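Below, read A as the first sequence line, B as the second, and so on, with proteins coming before strands; counting in each chain starts at 1. Just so it is clear, the structure is predicted and the values come from calculations on it, not from any experiment.
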Number of protein chains: 2
Amino acid sequence: MSENKYLSIYNDLLSKIEKGIFKPGMKIPSENQLVEQYETSRETIRKALNLLSEHGYIQKIKGKGSIVLDVRKFDFPISGLISFKELAQKLGKPSRTIVEQLEMVKPDEVLKKHLHVTAREDIWKVVRVREIEGERIILDKDFFNKKFVPFLSKDICARSIYEYLEKELQLKISFAKKEFFVEECTEEDRMYLNLKQYTHVVVVRNYVYLDDASLFQYTESRHRLDKFRFVDFARRIHLH
Amino acid sequence: MSENKYLSIYNDLLSKIEKGIFKPGMKIPSENQLVEQYETSRETIRKALNLLSEHGYIQKIKGKGSIVLDVRKFDFPISGLISFKELAQKLGKPSRTIVEQLEMVKPDEVLKKHLHVTAREDIWKVVRVREIEGERIILDKDFFNKKFVPFLSKDICARSIYEYLEKELQLKISFAKKEFFVEECTEEDRMYLNLKQYTHVVVVRNYVYLDDASLFQYTESRHRLDKFRFVDFARRIHLH
DNA sequence: CACACAAACTTGTATATACAAGTTTGTGTG
DNA sequence: CACACAAACTTGTATATACAAGTTTGTGTG
């Protein structure tokens, strides 16, 4: 609790939207009403509302008010920057993580480029399979710079690496760049996944950065074609 | 010009980043220095900087300053909410739009669902092929509610529909929900595109909304597998 | 009744101030 | 010299005020 006023108002309003107390199409209380409800200033309310707007939960209309949107329904993996565990919890489907590899490696040319490291640095390599409703759908290959993550265990990898990084190691994960494209599947894909007849996989490359803009993780997430789905929300900037 | 102070500062700083006057890894001037340069208040500067940060151009670090990121390099289509014409200009590759169909239709079941319209309403249907470097790569199927777009011509479709909608019709395009997935290619895909041996296409569904949260356009964009690439930037929210 | 228009609402922008909480710099003590 | 620590910077949060610019409501005039 405490800590941050506008974030806690954001969370409170968000949970009211998710619980359906504020329904899609409905107006939420005006800024001035919220000022009274939360006993705070209008600027603080506006910070919370602007966050909701950026994330696609409400639409603010000048002179009228803010209405709840319903475009924000989740489908499949990775909307925004959340971990597989957080996602699995939201989806509510039976899912399981299998740790196939966990080892310390020296970077090859590809990794040196992706992780911005020299040949002498140590890298954690984690290979995990995500099983959803009994099928091996996603192959996750994570690479962490040992400088930031001195220790890892199979147990941690099976639960949630992000939880460990943020709660135990106190790393502040801040932002990520993602790339999506389609690639022919490799021997490794065929070995670890239930690929059926598909000849291609959807590849999601993830570059994850800390608070101070240092790159600490590179992830390649390889999805079976038919199970891949990504949902995005975007606002248009008008320049005038 | 004029109009909006913090947006014009945002644009000015953005162009300095894109031109390389502020280089990746470099610190930009502090908020107080920018206050003096632009002769404005700190809150106005902060609005501009927060926009840059949300869009992935800078990283703000408490106590230190703001540094320029280089994660924002464009790759292929549709990062954020921009039109094909705007994108083609940024990419600088020879590209061309071919209008294959332009007609007024009544919605079928699928369209009724996607566009939230009744069977009696009129819908503009536009089918366009995007040719890049001589190859027919993307099939765009756009559907506009006639209520919002009374008139369309082949000429407008070949240039930029968005430019027409925003400049001529004064529609205020505000936000969009996108869905990505992979699908088996159809007869239509094979007819209009150079599909080579590929058996699947990447489908991008786009629901585009106006200022007042009314849905006015549904688009299905079908991309040849090997040419599809999407780049995304995401920030993690920390709740505390 | 029809209509104009003021009044009361809504959100948007700009400014100013105060203090909290990080990081850097430099002074001065031992 | 090494070190502690204050001073001067940085960004982050919270509050208050003023006015602009939309929309809705309701009053009152003709």
Side-chain angles (χ1 to χ4, degrees), chain A residues 1-13 26-54 57-69 170-172 174-175 210-214 235 237-240, chain B residues 1-13 26-54 57-69 170-172 174-175 210-214 235 237-240:
Chain A
M1 266 266 88
S2 70
E3 278 279 60
N4 201 318
K5 218 163 184 172
Y6 79 87
L7 269 182
S8 74
I9 294 171
Y10 166 82
N11 280 313
D12 195 57
L13 294 171
M26 214 178 111
K27 265 204 193 112
I28 65 172
S30 76
E31 293 177 356
N32 286 320
Q33 286 171 318
L34 292 172
V35 163
E36 286 198 6
Q37 279 181 37
Y38 290 100
E39 291 175 318
T40 183
S41 67
R42 193 173 149 230
E43 279 303 313
T44 300
I45 294 293
R46 284 179 59 77
K47 274 192 189 177
L49 293 185
N50 283 331
L51 263 187
L52 287 170
S53 165
E54 281 156 30
Y57 294 106
I58 64 171
Q59 177 75 350
K60 311 189 80 190
I61 305 173
K62 194 180 190 173
K64 297 182 88 167
S66 298
I67 62 176
V68 179
L69 300 178
Q170 300 282 326
L171 291 179
K172 281 173 190 160
S174 179
F175 63 92
L210 299 178
D211 227 10
D212 61 351
S214 56
R235 287 198 173 271
I237 274 207
H238 293 95
L239 302 181
H240 278 269
Chain B
M1 262 268 84
S2 70
E3 277 280 61
N4 201 317
K5 218 163 183 174
Y6 77 88
L7 269 182
S8 76
I9 294 172
Y10 166 83
N11 279 313
D12 196 57
L13 293 172
M26 214 177 111
K27 267 203 192 111
I28 65 172
S30 75
E31 293 177 356
N32 287 318
Q33 287 171 319
L34 292 172
V35 163
E36 288 200 3
Q37 279 181 37
Y38 289 99
E39 291 174 320
T40 183
S41 67
R42 194 173 147 229
E43 280 304 312
T44 300
I45 294 294
R46 284 178 60 74
K47 275 192 186 174
L49 293 185
N50 284 332
L51 263 187
L52 287 170
S53 165
E54 281 155 30
Y57 295 106
I58 64 171
Q59 175 75 351
K60 309 189 78 187
I61 306 174
K62 194 180 188 173
K64 297 183 86 168
S66 299
I67 61 176
V68 179
L69 300 178
Q170 299 283 326
L171 291 179
K172 281 173 191 163
S174 179
F175 62 93
L210 298 179
D211 227 10
D212 61 352
S214 56
R235 287 198 174 270
I237 274 208
H238 293 94
L239 303 181
H240 280 269

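The number of heavy-atom neighbours closer than 6.0 Å to CD of A/Glu36, taken from other residues, nucleotides and ligands shown, is 12 or below.
Residue A/Leu13 comes nearest to A/Leu49 through the heavy atom pair CD1-CD2, 3.9 Å, listed as atom of the first residue, atom of the second, then distance. B/Ala48 and B/Tyr6 get closest at one heavy-atom pair: CB-O, 3.5 Å.
What separates CD1 of B/Ile45 from C1' of D/dG12 is a distance of 16 Å, to the nearest Å. A/Lys47 has its NZ atom 7 Å from the C1' atom of D/dA14, to the nearest Å. The distance between atom CG of B/Leu34 and atom C1' of D/dC9, rounded to the nearest whole Å, is 15 Å. Rounded to whole Å, atom C1' of D/dT11 lies 14 Å from atom CD1 of B/Ile67. Here C/dG12 presents its P atom at 12 Å from CG of A/Asn32, a figure rounded to the nearest Å. A straight line from CG of B/Asn50 to C1' of D/dG12 spans 10 Å, rounded to a whole angstrom. One interatomic measurement links the two molecules: CG of A/Leu51 to C1' of D/dG12, which rounds to 14 Å at whole-angstrom precision. Atom CD in B/Glu31 sits about 18 Å away from atom P in C/dA21, given to the nearest Å.
In this model, a donor atom of one side chain and an acceptor atom of the other lie less than 3.5 Å apart for A/Ser214 and A/Asp212. The closest side-chain donor-acceptor pair between B/Ser53 and B/Gln59, if any, does not fall under 3.5 angstrom.
Distances from the side chain of A/Arg42 to the nucleotides D/dT15, C/dT15, C/dT13 place C/dT13 closest. Checked against C/dT24, C/dG12, D/dA14, the side chain of B/Lys64 finds its nearest nucleotide in C/dT24. In the set D/dA14, D/dT11, C/dT13, D/dA14 carries the atom at the smallest distance from any side-chain atom of A/Lys5. Distances from the side chain of B/Thr40 to the nucleotides C/dG12, D/dT10, C/dT15 place C/dT15 closest. For A/Lys60, taking side-chain heavy atoms from C-beta onward, the closest of the listed nucleotides D/dA14, C/dT11, D/dG12 is C/dT11.
A close approach under 4.0 Å does occur between a side-chain nitrogen or oxygen of A/Ser30 and OP1 or OP2 of C/dT10. Within the structure, every side-chain polar atom (N or O) of A/Tyr6 is placed at least 4.0 Å from both OP1 and OP2 of D/dA14.
Nearer the 5' end of DNA chain C, as judged by each residue's closest nucleotide, is the contact made by A/Arg46, out of A/Arg46 and B/Thr44. Comparing B/Gln33 and A/Glu39 by the nucleotide of DNA chain D that holds the closest heavy atom to each, the one mapping nearer the 5' end is B/Gln33. With DNA chain D read from its 5' end, the first of the two nearest nucleotides for A/Ile61 and A/Glu43 is the one closest to A/Glu43.
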Give the dot-bracket line for DNA chain D from 5' end to 3' end: parentheses for intra-strand Watson-Crick or G-U pairs under 3.5 Å, square brackets for crossings, | for inter-strand pairing, dots for unpaired. |||||||.||||||||||||||||||||||

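Ionic pairing of A/Arg46 and A/Glu31 is present here: one or more N-O contacts between side-chain nitrogen and carboxylate oxygen are shorter than 4.0 angstrom.
Within 4.0 Å (heavy atoms only), B/Leu49 reaches no atom of the nucleic acid at all.
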Could you give me the CA-CA distance, side-chain angles and deciding distance for B/Leu171 and B/Leu210, then say whether side chain to side chain contact (heavy atoms under 4.5 Å, CB included) is met? CA-CA 7 Å; B/Leu171 291 179; B/Leu210 298 179; 4.1 Å; yes

Run B/Tyr10 and B/Tyr57 through side chain to side chain contact (heavy atoms under 4.5 Å, CB included) and show every step you take. CA-CA 11 Å; B/Tyr10 166 83; B/Tyr57 295 106; 4.0 Å; yes

